[in-house]
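Only this structure's heavy atoms are used, side chains among them; waters, hydrogens and symmetry mates stay out. Chain naming here is simple, since letters A, B, ... match the order of the sequence lines and numbering starts at 1 in each.
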Amino acid sequence: MTSGLNVLKTIKLYMNGEFVRGESGKYSTMKYYNSDKHYAHITLGSRKDFRGAVESSHAAQPGWSGKTAYNRGQILYRMAEMMEGKRAEIISVLKDANGLSEKEANAEVDGAIDSFVYYAGFSDKYTSLVDNINPINGPFHNFTSSEAMGVTVLVCEKKLNLGRLAAQMSAIICGGNSCITLLSENYWSVVASLGEVFATSDLPKGTINILATTNNELLEWFAGHMEVKAVSFQDQDEAAIYKVKEWGIDNMKRIILPRKDTLCLEMISDYLEFKTSWHPIGF
Amino acid sequence: MIKKISKSKKPIKAEKKSKGFKIDYSPSLEGTSIVTIKPRNELFIGGKFVAPKSNKYFDTVNPATGEKISELALANKDDVDSAVKAARHAYNGEWGKMSGKDRGRLLFRVARILQERAREFAVLETLDGGKPIKESRDVDVPLAAQHFFYHAGWADKLDYLAPNKKVSPVGVCGQIIPWNFPLLMAAWKLAPALACGNTVVLKPAETTSLTALLLADVFNEAGFPAGVVNIITGAGETGAALVNHPDVNKIAFTGSTDVGKLIAKSIAHSNKKLSLELGGKSANIIFADAAIDQAIEGVVNGIYFNQGHVCCAGSRLLVEESIVDEVVKKLQRRLDMIRVGNPLDKNTDLGAINSLEQLNKIKELVDLGKKEGGDFYQSSSPLPKKGYYFAPCMFSNVTSAHTLNRIEIFGPVLTIQTFRTPDEAITKANDSRYGLAAGIWSEKGSKNLKIAGALKAGVVWVNTYNKFDAASPFGGFAESGWGREGGRHGLFSYLKID
């Protein structure tokens, strides 16, 4: 005999491959869209959680960037598969908490799946397009090869757009970076579902960490963290961009600003370092 | 290509002294009559040399003698504004409408004129900056010409850089260059910017502006429209006025990390594009399986080339422990064979330190290094009585925490540490806030590829060092900067891609 009562999902942070409550105990209450009815409590990440995420992200770096491009592609494709499997759940969440219609919610999921597949197919190709053998004026084999920047923080845009979010996350990890994603209010409803997609995609722990945050609360801490090598700042708030640029100067962070087109080669090369090696040719 | 400073065809008569050798050779001075240095130099704005609105001038000296050789106009805020206006006018006018093909034609002309006037530029570069004539003649000027030739060909092929995207110039670029490779850095900055269709206001370093001003003459000879290239002289305040000018779309800076950070901070609250080529503390790693004598030459070229005034200098030598005694002994012997002296002498290996200020900085840091410990060794080469000179030196047996292992000296000072395993070499090499360059010396190919992949540096020289080429991207990881210069990758700093 069933009780008739649903089991509600606790929405936690996705950190180091696990679903955890934030250390600070901070949370926010979410309601059903346009209603006072309680939907869920959302765990909010603190400064200390962020530092933990950086540690985990840093530890994940060599393993993730060291995987073959083919392997990274398969894991990205697996994300699309897992997302497809959670379609009904995510649509229901987007309808209940974000007020989207069935059609709109479907389009969001489609967008995310398209992005995962697009970058799954790019991981073993982009180096053919951005790396180079350089024609040097002398007897040297000289080539420029790309590599990951390292720990990258992704600050999502305020407006919900799962396709763009998935594209940004995929592009960052496609090139071998690890990604700490800071999700603002419109994305809180999908924090758990997204975490579950990544947790079941054979993605090494720490490659993606997800923290729900309130508006720019962690700005100074991620922009100033010396182990963070790049910040993808997708929020259009100009004042916040300027602050991030300023706070990131200490370790010369690479600050990457939004692109109109999120499915393109430049999305990957934005997060790459280029190394040029010289080798003499001769006996 | 870089000529190894060790390879002199002249026989060296050496007399063993208690410490090192006394070098005895006949001078072979390059004549200076090919160059006419004006007693006073004006600003190059809108295609003409004009007096500064500031009405102020400052002296520029020959570091080889310490004597004044000319006066340079001091550009103030109003002068910077005039230069930016001229650049904007050209951008909105003739230059902006010119086809890539024609921009390329003009740049090809610049390359050719530079080759034709090569000796004149080389002598002026040496007189103004103190670098040995054989370096300005064989490295700086030919590479500068190659840079214009290489980028000239890109001007009508930019669409190939980003398929399916629209590429367009950034606009007016403010470019600030350092004193270590004055002409070459001007070429590194100007050639890609112009190939991509931008206009430029260039500020050379205050101690080495003369070849940039001579280059202005080349642009006029080549027939560039007025205002496409503007060259303003001055020190930090002039640079700051350029950086902060509201109508500049992009800043490109080569110089110290500290100044690079100041620039980044001052324009953080704007949408100006910024590329930075900053400092370094590059590791040069010798494994026991290296061709040792070849490696020694590479180390010498790595740190003593251009008096060590090289951002990518191999200033931190890492030697596998089992061969450190042999390497140190050979380096000491080699150090004593480096001829320090008149930069115009074709035999000179190590010329004058660029300025008194830099000489004092090097002396202070070496004194600090001595206090911190390590085994100090300095060449016994005699130094000229006049001018700014510093004998090449090295500190062996130092730790990673030694100040001289942490900060950029920009002088002929080498530090030497040891390691036992490849992993330790990688860890020590990457133990720096910089990430500009690195060197590896080993005869084992697979090891070289593995180590090169693990080093956090934008340029890795394997069994060679300090090689440069217009087609080879240059630039650093981490605090060594943003963006690349040269090659296909360097062009992206001067383009918008939509």
Side-chain angles (χ1 to χ4, degrees), chain A residues 62 65-66 129-150 223 226-227 229-230 238-239 241-257 259-261 263-267 269-270 272-282, chain B residues 1-2 142-143 146 150 162-165 257 260-262 264-265 267-271 274 276 278 433 435 437-440 445 448-449 452-453 455-465 467 469-484 486-489 492 497-498:
Chain A
S65 61
L129 301 170
V130 300
D131 292 8
N132 220 52
I133 292 178
N134 306 304
I136 294 308
N137 180 29
F140 293 93
H141 179 46
N142 175 296
F143 55 93
T144 300
S145 47
S146 53
E147 59 185 74
M149 284 178 172
M226 295 297 274
E227 194 48 55
K229 303 298 183 200
E238 205 163 63
I241 291 171
Y242 293 159
K243 278 183 192 162
V244 168
K245 280 163 77 176
E246 198 177 329
W247 285 326
I249 287 168
D250 254 2
N251 68 337
M252 303 296 297
K253 278 184 190 63
R254 279 72 173 137
I255 311 290
I256 295 107
L257 299 177
R259 284 189 180 277
K260 219 182 282 175
D261 181 5
L263 301 181
C264 62
L265 175 65
E266 288 74 20
M267 280 285 289
S269 56
D270 276 349
L272 298 174
E273 287 286 355
F274 290 95
K275 178 188 284 176
T276 298
S277 301
W278 294 68
H279 299 254
I281 297 170
Chain B
M1 302 314 300
I2 307 286
L143 276 176
Q146 189 208 10
Y150 174 83
N164 303 323
K165 299 279 176 189
T257 291
K261 286 181 177 180
L262 283 176
K265 200 163 224 166
I267 61 170
H269 291 240
S270 78
N271 294 321
L274 177 62
L276 298 168
L278 306 177
R433 68 182 179 130
I440 304 167
N448 289 339
L449 288 168
L455 294 175
K456 295 290 175 200
V459 182
V460 178
W461 286 290
V462 180
N463 291 325
T464 183
Y465 207 95
K467 295 284 188 291
D469 195 282
S472 179
F474 184 93
F477 285 27
E479 293 183 43
S480 287
W482 290 335
R484 295 291 176 268
R488 190 167 64 82
H489 296 79
F492 292 101
I497 294 174
D498 298 313

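- The part of A/Glu266 that comes within reach of chain B is its side chain, from C-beta onward, which places non-hydrogen atoms under 4.5 angstrom from that chain.
- At distances below 3.5 Å, not a single donor-acceptor pair connects side-chain atoms of B/Lys467 with backbone N or O atoms of A/Pro280.
- Residues passing the side chain to side chain contact (heavy atoms under 4.5 Å, CB included) test with B/Ala437, sequence neighbours excluded: B/Ser282, B/Cys312, B/Val459, B/Trp461, B/Tyr465.
- The backbone N or O of A/Val130 lies less than 3.5 Å from a partner atom in the side chain of B/Arg488, making a donor-acceptor pair.
- When B/Leu449, B/Asn164, B/Asn271 are compared by the number of non-hydrogen pairs under 4.5 Å with chain A, B/Asn271 comes out ahead.
- Note that CD1 of A/Ile136 is 4.5 Å distant from OG of B/Ser472, once rounded to the nearest 0.5 Å.
- For B/His269, the parts sitting under 4.5 Å from any heavy atom of chain A are the backbone and the side chain alike.
- B/Arg484 contributes a side-chain N or O that, together with a main-chain N or O of A/Phe274, makes up a donor-acceptor pair within less than 3.5 Å.
- By the 4.5 Å heavy-atom criterion applied to side chains, A/Met252 and B/Leu276 are counted as neighbours.
- Of the residues considered (B/Gly260, B/Ala452, B/Ser270), B/Ser270 shows the highest number of contacts with chain A, using heavy-atom pairs under 4.5 Å.
- Using a 4.5 Å cut-off between heavy atoms, A/Asn142 touches chain B through its side chain atoms alone.
- Interatomic distance, B/Leu274 CG to A/Ile255 CD1, rounded to the nearest 0.5 Å: 11.5 Å.
- Between A/Thr276 and B/His489, the closest side-chain pair of non-hydrogen atoms is not below 4.5 Å.
- Heavy atoms closer than 4.5 Å to chain A are found in the backbone of B/Ile267, but not in its side chain.
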With side chain to side chain contact (heavy atoms under 4.5 Å, CB included) as the test, would you mind laying out the steps for B/Asp469 and A/Phe140 before giving the verdict? CA-CA 11 Å; B/Asp469 195 282; A/Phe140 293 93; over 6 Å; no
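- Between the side chain of A/Lys245 and the backbone N or O of B/Ala264 there is no donor-acceptor pair closer than 3.5 Å.
- Proximity to chain B is absent for every atom of A/Ile241, based on heavy atoms less than 4.5 angstrom apart.
- Here the side chains of B/Asn463 and A/His279 are not in contact, with every heavy-atom distance at 4.5 Å or above.
- A distance of 12.5 Å separates CG in A/Asp261 from CD1 in B/Ile497, rounded to the nearest 0.5 Å.
- When side chains are defined from C-beta on, B/Asp498 does not count as touching A/Lys260, because their heavy atoms never get closer than 4.5 Å.
- Rounded to the nearest 0.5 angstrom, A/Asn134 CG and B/Tyr150 OH are separated by 7.0 Å.
- When the candidates B/Gly486, B/Ala438, B/Gly453 are compared by the number of heavy-atom contacts under 4.5 Å with chain A, B/Gly453 comes out ahead.
- Here the CE-CD distance, from A/Met226 to B/Glu479, works out to 5.5 Å after rounding to the nearest 0.5 Å.
- Proximity of A/Lys229 to B/Phe477: side-chain heavy atoms (C-beta onward) are nowhere separated by under 4.5 Å.
- A/Asp131 meets the salt bridge (charged side-chain N to carboxylate O under 4.0 Å, His left out) test with no other residue; sequence neighbours excluded.
- No part of A/Met149 comes within reach of chain B, as not one of its non-hydrogen atoms sits under 4.5 angstrom from that chain.
- What you find for B/Trp482 and A/Lys253 is that their closest heavy atoms are CZ2-O, 3.2 Å.
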